[in-house]
Structures are given as structure tokens and as C-alpha cells.
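Okay, so here's the structure we're looking at.
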Amino acid sequence: MNGSLHLWLIPLLPFAGFLFNGILGRRLPKWLVTTVALLAPLAAFGVVLNATWVLFTIGPTLGSLPYVETCPLPWISIGALHVDFSFVLDQLSLVMLLVVTGVGFLIHVYSVGYMHDDEGYARYFSFLNLFLFFMTLLVLAGNALLMFVGWEGVGLASYLLIGFYFQKKSAADAGKKAFIVNRIGDFGFLIGMFLLLANFGTLTFTEIAAKLAANPGWQGGILTVIALCLLLGAAGKSAQLPLYIWLPDAMEGPTPVSALIHAATMVTAGVYMIARTHVLFDHSPFALGTVAVVGAATALFAATIGLVQNDIKRVLAYSTISQLGYMFLGCGVAAYSAAIFHLVTHAFFKALLFLAAGSVIHAIGGEQDLRKMGGLWKKLPVTFAVTTVGVLAIAGFPPFAGFFSKDAILYAAFMQGAGGKALWFVGLVTALLTSFYMFRLWYLAFLGKPRSKEAHPHSTPWSMLGPLLILGLLSICGGWIGIERSAGWINMERFSGFLAPALGARAAESGSAHLELILSIFAVAVALVGWFVADLLYRQRPARPAQLAAAYPDSYKLLANKYYVDEFYGATVVKPLLVLSTYLLGWVVDKALLGGAAWLLGGIATFAGALLQRWQSGNLRSYAAWLAAGAAAVLLFVVVPWSAFLANFGIHLNMAGH
């Protein structure tokens with residue numbers, strides 16, 4: 001590839017780190033493994049920063065994007081089908097690359113302290129580098145096929161990292177679960193790709209957009225089918241209903257892996273894919289509405305489950321599913337810039353919260369149960385401070401990052417008429433629940449008295465605290481990147497205006513500043529209500545939650561058991577498939593067909609061997625008899641007029657040329 005920005009280096013550098021540590025890591029000193037593992041994402045982040053600098057200060061202007069680098073050799077060229085191995089940098093991919101490589105590097109740094117004593121140190125970092133390689137490949141892809149390569153790659157990397165502790169059955173099962181559930185979504189992506197190729201004759205995103213722009217009347221129909229197939233793929237990767245079930249179990253991997261998956265890589269891929277293919281959804285109101293409904297339903301559904309979870313990482317996992325629902329809601333109301341903006345701020349505060357949880361777990365010897373924590377703010381003051389920042393950000397309090405991006409989505413939903421107002425209300429209720437369960441986590445983990453005599457907190461190394469402080473700062477001011485003053489009130493036109501060339505004119509639309517202010521006040525008010533209820537139950541009356549659980553046992557069990565969705569899937573999908581594979585495939589196919597075929601072939605071989613054995617007896621008189629019989633057969637064939645004989649029975653032989 002050629003080009004002044006050298007985009008090809010962005011995925012290549014993490015891939016080189018993966019190969020180096022994956023092949024040689026076990027035989028190298030730990031300092032060298034660490035150096036290679038950290039330099040790979042740092043150098044990739046440097047290339048992204050250099051591209052940003054060149055594009056907007058020295059080289060081409062903003063209007064010259066997208067910038068394309070294409071491999072000079074053809075990748076796929078079959079008849080009319082031509083697919084290039086090309087990387088595209090535009091406003092959307094630039095934002096994603098900054099998040100993926102920047103936050104990804106901080107998680108790598110944090111991992112040095114967290115995984116320091118692990119036997120699989122080199123293997124861990126090789127997988128972490130591989131994850132960044134595939135994610136950057138997905139983001140830079142200029143066509144659906146290359147995106148699918150990265151798409152499948154992040155699925156592979158997540159399987160390897162979630163099941164990192166493969167000796168533990170729960171970890172191995174969680175990795176397998178993530179892999180299988182995502183294959184369901186990936187099937188939808190594949191069908192969507194085939195339909196794109198059949199109807200557009202290309203898989204290149206810019207060419208698809210150009211053909212739709214040339215035919216503005218092309219609405220619904222096959223475009224709806226394609227968009228719904230892509231939505232299925234996005235629901236799998238971004239853990240939306242009904243394919244969300246893999247993400248809560250993904251916490252079985254090391255905590256930094258959870259931060260990487262939940263914040264900067266895999267779960268954001270579905271949101272990014274919808275934003276990248278937004279022209280298809282814009283031509284299908286039904287598909288767009290489906291995205292919004294799925295997002296709102298997922299946000300509320302996951303938030304209700306998060307209310308009663310006691311594992312600190314599981315609470316954060318369900319909050320991720322809920323926040324991803326907000327992003328889908330933003331895409332569904334065509335506020336793509338707001339969705340991407342929330343993706344960015346969520347990467348900051350969710351990485352912060354997971355890494356802070358990892359700091360807590362690391363400090364108290366691996367304990368993850370909130371009921372066995374408490375009083376940690378004195379022992380872990382830095383972790384307590386940054387967790388407080390993360391909780392305020394995800395709850396949506398100003399001036400923290402989550403306030404700006406979440407409110408932008410809720411405002412866009414409110415502006416969509418009656419249906420939009422219903423979605424806005426669902427989002428508002430979700431904000432209330434989010435504030436409650438995050439402050440619940442905060443109170444249980446850090447305040448009150450220690451509830452376990454077995455926990456003995458110890459200090460956290462600076463390799464872990466450093467990334468926490470940086471992410472804490474980003475969680476405070478990360479939402480300010482889009483602020484500009486307009487009509488005496490702050491709005492987010494700068495960020496949406498930046499993304500408008502990549503996401504369409506609707507990304508930069510604005511409405512009433514006063515209405516936006518009123519809706520923001522509503523959102524902050526419900527966040528305050530959530531904090532107040534959490535304070536009432538977990539600080540003022542700590543015995544009250546247990547009393548409520550005892551008073552409403554059925555409701556509590558329903559939420560604690562996550563609506564029994566896993567059990568339902570197990571009974572209706574997993575067990576029937578196991579029965580089918582065990583009895584039908586196992587007995588009919590394996591034993592009857594394959595086993596019978598093997599028995600038949602074995603019998604033929606045995607019979608042929610017995611026959612040949614008689615020929616090779618070693619008896620000279622036997623050999624002479626066989627020789628005489630063969631000579632007689634040849635003479636019989638030559639002498640007898642077989643053609644005339646067979647003609648009497650209506651059989652004619654063509655003996656021409658003989």
C-alpha cells in the first residue's frame with residue numbers, strides 16, 4: 001500500500017506484537033514481552049494521531065475526506081466482482097480509531113500490573129494485541145467483506161480472552177457461549193452481504209451510498225431485508241435483545257479484558273456498523289424504527305436486571321448492555337452522531353469503571369461479591385475517587401461526560417413525534433434505574449463498614465492507577481469536545497457538525513435550545529431521584545433492601561435470575577439441539593450411516609483379501625491352474641462371435657475401431 005498517512009501500519013503494528021509474543025513470548029524475559037505488548041498499541045495510536053495532525057493542520061483539509069489507501073494488487077477479482085483491500089479514513093473512522101487505540105493502550109498499561117504474576121502473561125498480551133489488530137481492521141475497512149474479516153476476528157479474539165482461564169469450566173463455557181451466540185448474529189451479517197452483492201453488484205460502502213443517492217425513490221423492500229439482516233449481526237456483537245446473553249458471562253475473563261470488550265472494541269462494533277451503513281437504514285423507515293425499539297427495550301430490560309446483581313462486574317456488564325441500548329436508540333432515531341458521541345464517552349467511563357472494579361478485586365484478593373465489600377474508601381482512596389467520577393458520569397450528572405451524550409440521544413428521540421416521545425420516556429426511566437444501581441454499587445463497595453473479615457485490602461500499583469486517573473479525567477471532560485455556545489445555551493453542534501460529512505446532514509440537525517434545556521433538567525432530576533433512593537436504602541436504612549426482597553420474593557427472584565432467559569434458551573434451543581445431535585446425528589448418521597459404511601467397506605476389503613490370498617498361495621500347481629484358466633478365458637472371448645450371439649437378444653455392440 002502507498003499513501004502519506006500509512007494507515008496500513010495501524011492494524012499491522014498490533015499484529016506484529018501478537019506474532020512476537022505469541023511465538024516467542026514464553027522464552028523471553030517479562031520486561032521484553034511487556035515492552036513489545038505496550039509499544040504495539042502505542043505506536044498504532046501514534047499513527048492515528050499523526051494522521052489527524054496531517055489531515056487537519058498540514059495536509060488536506062477536512063473537506064478532502066474520505067482518505068483512501070488501497071493495496072495495488074487485486075484482492076478478489078472474479079468476473080464482474082471486484083473487491084479491493086482498501087482502508088478508508090473519514091470523520092467516523094477517525095473518531096473510532098482514536099477511541100480504540102487510545103483507550104486500548106491504557107488498558108494494556110493497566111494489564112501490566114493486574115496480570116504481573118499470571119503464568120500466561122505473554123499469551124495474554126498476544127491475545128490483547130490480536131484484539132486491537134482485528135478491531136482496527138474492522139474500523140478501517142472500506143467494504144463489507146473486509147469489515148467482515150475484522151468482525152469475525154474480534155469474535156475469535158473475544159473467545160480467546162474470555163476463556164483465557166480455560167482450566168476453569170465456567171471460563172471455558174463463557175468463551176464458547178460468546179462464540180456461538182455471535183455466530184447467530186454473524187449469519188445475519190453474511191446474508192446481508194450476499195443481498196448487497198446481488199442488488200448493488202458491489203460491497204464497497206461509498207459505491208453503495210452513491211447508488212442509493214442516485215435513486216432516492218428506492219425505499220423499503222429489499223433494503224429493509226438487508227438492513228434487518230445487518231441489525232441481527234449488530235445485535236449479536238453489541239449484545240442487544242435477543243442476543244445479549246453472552247456479555248454478562250464475558251466477565252469470566254481477566255478484568256482488563258472486560259474493560260476492553262465492554263468499552264473500546266467488540267461491543268461497539270455493532271453500533272459502528274449501523275452508523276457506517278446508515279444510508280441503507282435511512283431508506284428503510286421500518287428497519288430504522290426496529291433499531292430504535294430494540295435499543296430502548298434492551299436499555300430498560302438490562303437496567304432492571306442490574307438492580308439486584310451482587311457481582312460487581314456483572315452489575316457493570318448489564319450497565320454496558322443498557323448503555324449500548326441507548327446507542328441503538330440514537331441510531332434508530334437517525335441521531336447517528338449522538339450515538340457515536342455516547343459510544344466515545346461510554347468508552348471513557350465504562351473502561352474507568354471496569355478497571356476501578358479490577359483495582360478493588362485485585363486489592364481484596366479476588367473477591368467480586370458486593371455483599372462482602374464495604375468501607376474500602378479509606379484503604380483505596382484513588383480507586384474510590386475515580387469510581388465516584390465514573391458513577392457520576394454514567395448516571396448523567398453535569399458536567400461529566402455521560403450527561404452530554406445521553407441527553408443528546410434522549411432529545412433526538414423526543415423530537416420524533418408520538419413514538420419518539422414513548423422512546424424518550426423509556427430512556428428516562430432507564431436513566432433513573434441506571435443512577436440507582438450504580439450508586440448502589442458505590443455504597444456497597446466503598447462506604448459503610450467492612451462486611452467481610454477475610455478481605456485485607458492492599459495497595460494498587462501505579463501501572464494500574466495511572467490509566468485510572470487518565471480515564472477519570474476523560475470521564476469528567478470528555479463530553480466537552482462537542483460544546484459550543486448558541487443562543488445563550490450550550491449545545492452539541494460541534495461534534496455532530498464534525499461527523500456530518502460521514503453520517504449525513506441529519507447528524508447536524510438542531511432544535512429548540514430551551515426545549516433541550518428543559519429535557520436536560522428532567523434527565524438530571526431522575527438521576528437525582530435514583531441517587532436519593534440508593535442513599536435511602538444503602539446508607540440510611542441498610543436493612544431495608546433485604547426486607548423488600550423478602551416482601552416481594554417472586555419479583556426479586558425474577559430479577560436476580562435475569563428473567564430466566566438463559567434457562568428458557570436452554571430448554572427451547574440448547575437441549576433440543578443436544579438431543580438432536582446425540583440421538584439423530586450421533587446414532588443415525590454416525591453409527592448407522594458412517595458406521596455401516598465403514599463395516600461394508602471393511603467387509604469388501606476382507607473378502608477381496610481372502611480372494612487374493614488364494615491367488616498368492618505359493619503353490620506352483622495352483623499358479624499353473626490359474627494361468628490355464630486365464631488363457632482359456634482369453635481364447636473364449638476371441639473365438640466366440642459374441643456380437644452375433646448378443647444380437648439374437650436385441651443387444652448390439654459397437655465394435656468400430658476394433
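Any value given below was found using the heavy atoms of this structure, including those in side chains, with hydrogens, waters and symmetry copies removed. Computed from a prediction, not measured in an experiment: that's the story for all the values here.
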Distance (rounded to the nearest 0.5 Å) between [X] [atom1] and [Y] [atom2]:
X      : Y      : atom1 : atom2 : result
Leu247 : Lys177 : CG    : NZ    : 10.5 Å
Phe105 : Leu132 : CZ    : CG    : 11.0 Å
Ile226 : Phe281 : CD1   : CZ    : 10.5 Å
Leu203 : Phe194 : CG    : CZ    : 9.5 Å
Leu140 : Leu146 : CG    : CG    : 8.5 Å
Leu231 : Met273 : CG    : CE    : 8.0 Å

Quick one: are [X] and [Y] in side-chain contact, heavy atoms under 4.5 Å?
X      : Y      : result
Leu137 : Phe15  : no
Val109 : Pro467 : yes
Leu49  : Leu98  : yes
Phe127 : Val257 : no
Thr70  : Val68  : yes
Phe348 : Leu473 : no
Leu223 : Leu212 : yes
Phe205 : Val279 : no

Locate the shortest heavy-atom distance separating [X] from [Y]; write the atom from each residue and the value.
X      : Y      : value
Leu324 : Val271 : CD2-CG2, 4.3 Å
Ala250 : Ser258 : O-OG, 3.9 Å
Phe328 : Ser238 : CE1-CB, 3.5 Å
Ile107 : Pro256 : CG2-O, 3.4 Å
Leu316 : Ser319 : O-OG, 2.7 Å
Val294 : Leu241 : CG1-O, 3.8 Å

With sequence neighbours excluded, give me every side chain to side chain donor-acceptor pair (under 3.5 Å) pair touching residues 23-41.
Thr34-Tyr121
Closer than 3.5 angstrom, by distance alone: can the side chain of [X] be matched with the main-chain N or O of [Y] as a donor-acceptor pair?
X      : Y      : answer
Asp84  : Ser86  : no
Asn215 : Gly217 : no
Thr265 : Leu260 : yes
Ser322 : Ala299 : yes
Gln219 : Pro216 : yes
Asn182 : Ala178 : yes
Ser93  : Val88  : yes
Tyr272 : Val139 : yes
Thr202 : Thr204 : yes

Quiz question: by atom type and distance under 3.5 Å, do the side chains of [X] and [Y] form a donor-acceptor pair?
X      : Y      : value
Thr255 : Tyr114 : yes
Ser405 : Thr345 : yes
Ser284 : Thr224 : yes
Ser111 : Tyr124 : yes
Lys237 : Thr268 : no
Ser126 : Asn129 : no

Whether [X] and [Y] hold their rings parallel, tilted or perpendicular, with breakpoints at 30° and 60°:
X      : Y      : answer
His108 : Phe125 : tilted
Phe349 : His346 : perpendicular
Trp75  : Phe85  : perpendicular

Salt bridge between Glu152 and Arg183, side-chain N to carboxylate O under 4.0 Å?
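Salt bridge between Glu152 and Arg183, a charged N being under 4.0 Å from a carboxylate O: yes.
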Could Arg276 and Asp90 be called an ion pair, given the rule that one side-chain N must be under 4.0 Å from one carboxylate O?
yes
For the [atom1] atom on [X], are there more than 12 heavy atoms of other groups (residues, nucleotides or ligands in this structure) within a distance under 6.0 Å?
X      : atom1 : result
Phe20  : CZ    : yes
Glu119 : CD    : no
His116 : NE2   : no
Lys176 : NZ    : no

Only residue of Ile481, Leu343, Ile340 satisfying side-chain contact (heavy atoms from CB on, under 4.5 Å) with Val95 is Ile340
Run the side chain to side chain contact (heavy atoms under 4.5 Å, CB included) test on Leu89 and Leu5 for me, step by step, so that the C-alpha distance in whole Å, both residues' side-chain angles and the decisive distance to 0.1 Å come before the verdict.
CA-CA 10 Å; Leu89 186 70; Leu5 298 185; 4.0 Å; yes
Applying side chain to side chain donor-acceptor pair (under 3.5 Å), run through Tyr67 and Glu69 and close with a yes or a no.
CA-CA 7 Å; Tyr67 170 85; Glu69 288 185 9; 2.9 Å; yes
Between Trp151 and Phe189, is a ring pair (Phe, Tyr, Trp, His ring centres under 6.0 Å) present by the stated rule, with each step listed?
CA-CA 10 Å; Trp151 189 273; Phe189 194 161; 4.9 Å; yes
Yes or no on side chain to side chain contact (heavy atoms under 4.5 Å, CB included) for Thr136 and Phe131, after CA distance, side-chain angles and deciding distance?
CA-CA 9 Å; Thr136 52; Phe131 213 141; over 6 Å; no
Between Phe495 and Phe341 (judged by ring centroids, cut-off 6.0 Å), do the two rings come close enough to count as a pair?
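Centroid distance Phe495-Phe341: below 6.0 Å, so yes.
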Mind checking ring pair (Phe, Tyr, Trp, His ring centres under 6.0 Å) for His278 and listing every partner two or more places apart, or none if nothing turns up?
Tyr336
Carefully, step by step, assess Trp218 and Phe200 under the rule ring pair (Phe, Tyr, Trp, His ring centres under 6.0 Å).
CA-CA 12 Å; Trp218 192 1; Phe200 290 89; 5.1 Å; yes
Test side chain to side chain contact (heavy atoms under 4.5 Å, CB included) on Ile261 and Val154; report intermediate values, then the result.
CA-CA 9 Å; Ile261 292 175; Val154 294; over 6 Å; no
Going through the distances and angles, do Gln323 and His342 end up as a side chain to side chain contact (heavy atoms under 4.5 Å, CB included)?
CA-CA 8 Å; Gln323 296 301 308; His342 196 56; 2.8 Å; yes
